[in-house]
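What follows is a set of notes on a single structure, which appears directly below.
Read the numbers this way: they start at 1 and go in the same order the structure lists the ligands and their atoms.
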Amino acid sequence: MTQAAYSTHGAIALVSMNNPPVNGLGYDLRSGIVAGLDRALADPKVSAVVLIGSAKAFSGGADIKEFNSPRALAEPSLHTVIRLVEGSSKPVIAAIGGACMGGGLELALGCHYRVAVAGAQIALPEVKLGILPGAGGTQRLPRLIGAEAALNMIVSGTIVPSEQFKGTPLFDEFIEGDLQAGALAFAEKVVKEKRPLKRVRDLKIDYPNAEAFFQFARNTVGAVAKNFPAPLKCVDAVAAAVTRPFDEGMRLERESFVYLVQTPESKALRHAFFGERAASKIGDVPEDTPTRKIERVGVIGAGTMGGGIAMNFLNAGIAVTILETRQEALEKGVGIIRKNYENSLKKGKLTQEKLDQRMGLLKPTLSYDDLKDADLIIEAVFEEIGVKEQVFRKLDEVAKADAILASNTSTLDVNRIANFTKRPQDVVGMHFFSPANVMKLLEVVRGAATAKDVLATVMQIARKIRKTAVVSGVCDGFIGNRMIEHYGRVAGFLVEEGATPWQVDKALEKWGMAMGPFRMGDLAGNDIGWAIRKRRYVEKPDVKYAKIADTLCELGRYGQKTGMGWYRYEAGKRDAIPDPVVDKLIEDYRKEKGIVPRRISDAEIIERCIFALVNEAARLLEEGIAQRASDVDMVYLTGYGFPLHRGGPILYADQVGLYNVVRAAQRFAAESGDAFWQPAPLLAKLAAEGKTFN
Ligand SMILES: NC(=O)c1ccc[n+]([C@@H]2O[C@H](COP(=O)([O-])OP(=O)(O)OC[C@H]3O[C@@H](n4cnc5c(N)ncnc54)[C@H](O)[C@@H]3O)[C@@H](O)[C@H]2O)c1
């Protein structure tokens, strides 16, 4: 079946694109458009052609299902389609409703006329994938809406509603009512009035002070987009639209496109784009698995996490009942939620009406009776198995039959928690990250008994509250924290051997991490890691740790909350200030241990810390705790401040080359004697086979 239906309406041919959901311009659709155009040109009774999409989309651009496949470039390519449309001897009119983005907009720009409904979404979002519009968008859009407006759209990738272009030649007419009928009527007018074949390429841009403007644009864009090359290439391409003949501009656009597609930054952005989509899928849970309805949510515990978790649902318009053991704690928790909303109000990010609406959806309570109607109950009480047991036994008594019972535990065994109930199939981990109302990541922890419809429902609700959900199996630390423990452990040894905490943090931050390990420890509270280590000393005595962190904690230096940790903090401020006291502490520690400090380079810091993440990730993949390599990257990009332009620890390792990662790990193993550095079998195997994770 063709993806472009052909029909005639008097003297007008109608080519209707039909490739749901968004008319992605895949091979079949492109071929269909060309076939329709050929038919119209061959029919003497036809005088003009209308190209239309669906109510949802004229076209959302390239078909992502074809990305990286030969079909994406097969003829007729998008370039060819646009050339044929623009060169048509009969006028072609684009009828635009819904999404008109990327290649879809470029196709519309190749048409002789464009009509649109208000509310259509117009964008050239390619920059978000680290590339630029590659089918003439950078050359044609400025000719219609002016260089500055086009540059803003192309550099930012922002979606602009069609009505904002009223008065520009981008749209020849706005249609009220039915788009198809309006477009056909417009086409008849074009024929009757013998209007010319308007080609955007023939337009000239009159911009007297172009050079000065583009220089200014380069400076501004360069400063903002420091890790990404695409935005600057966009500026150059738009500048060419103004200063050079059309075909030269097209050549420059093409060259930039080919260059950008190959950059690691673009690969990273595309990896994240597809990684996000892949993460929402669970191998053995089919996409059509029925889900449970979630209209009322219960949250147990109104502390740091409970409050943030509640806000996610309130923001999405879902009613939340929040339960505490004491009135005082309840009031404090609700007060913090209100305060957060009031701060947003002050910053102009929230209206009073929205604030009232959200607070109106929140019901504080001390009684479990109020949770009997809840469809989903998330526990966020103290991290103690006894307290969790008490809560889950109680929930088992009061929750309705098909309610989902979730725990936000960071370290406890979800299977054990599930077995406190008589319905382990309804129990799942929902591991939010702090601050829970801000951080994108949600680790969905799948217990041995967790039912498939529970998983499907949680993945769906995660989308609704705008989280990136990644499934993890049950293990100590799940995906993210199990990896970070080794990263922190390695950072500790670097300090023991000769680096300062601030050197380690600075090196990693310069490399792109949002925060180095020591600043992160100070933020999260060094006591948390300390508690975990104390447990490890008993459970896994073979795993070695640098003990400086313990000494630090013994002095009560827990981090920001105590005004000092690895750094010192001035009252009310969050700036981490290197502290000579810590220098002295480290010096004494080394002396006591007989360690002669050595010079450690930034490159070594990056290698050790990042490859530690990679080696542990390989073990997680092997054990099936993580479903796929890109899931690990999504965890790090959305929950741990890993630099987006590097695409996650695994993509980074793939790009460095696994052979090199393995060699480094072997070297670290020999130097440190730490068994951790034995390359994980999966890593070693892939490296030996010359393969990559992704
Ligand atoms: N803080 C983090 O960064 C973070 C991140 C992810 C997960 N978690 C997990 O979230 C959970 C909560 O952590 P938090 O940082 O919000 O702790 P918190 O101490 O700030 O809050 C816990 C709240 O639970 C309440 N509470 C205790 N027992 C209760 C009970 N039986 N019934 C009802 N309420 C009870 C307490 O009064 C307190 O307000 C823990 O399991 C923790 O491991 C914490």
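- Looking only at atom types and distance, the side chain of Y569 has a donor-acceptor partner in the side chain of D522 under 3.5 Å away.
- A search for side-chain hydrogen bond (donor to acceptor under 3.5 Å, both in side chains) contacts involving R535 returns D476, not counting sequence neighbours.
- Every residue two or more places apart in sequence or in another chain was checked for a side-chain hydrogen bond (donor to acceptor under 3.5 Å, both in side chains) with R326, and none qualifies.
- Protein residues with a heavy atom under 4.0 Å from ligand 1 are I300, G301, A302, G303, T304, M305, L323, E324, T325, A380, V381, F382, E383, V387, K388, V391, N408, T409, S410, H431, F432, S434.
- Under the 3.5 Å distance criterion, the side-chain polar atoms of Q627 are matched with a main-chain donor or acceptor of K281.
- Looking at D426 and R292, a side-chain N of the basic residue comes within less than 4.0 Å of a carboxylate O on the acidic one, giving a salt bridge.
- Residues satisfying the salt bridge (Lys or Arg N to Asp or Glu O under 4.0 Å) test with K128, not counting sequence neighbours, are none.
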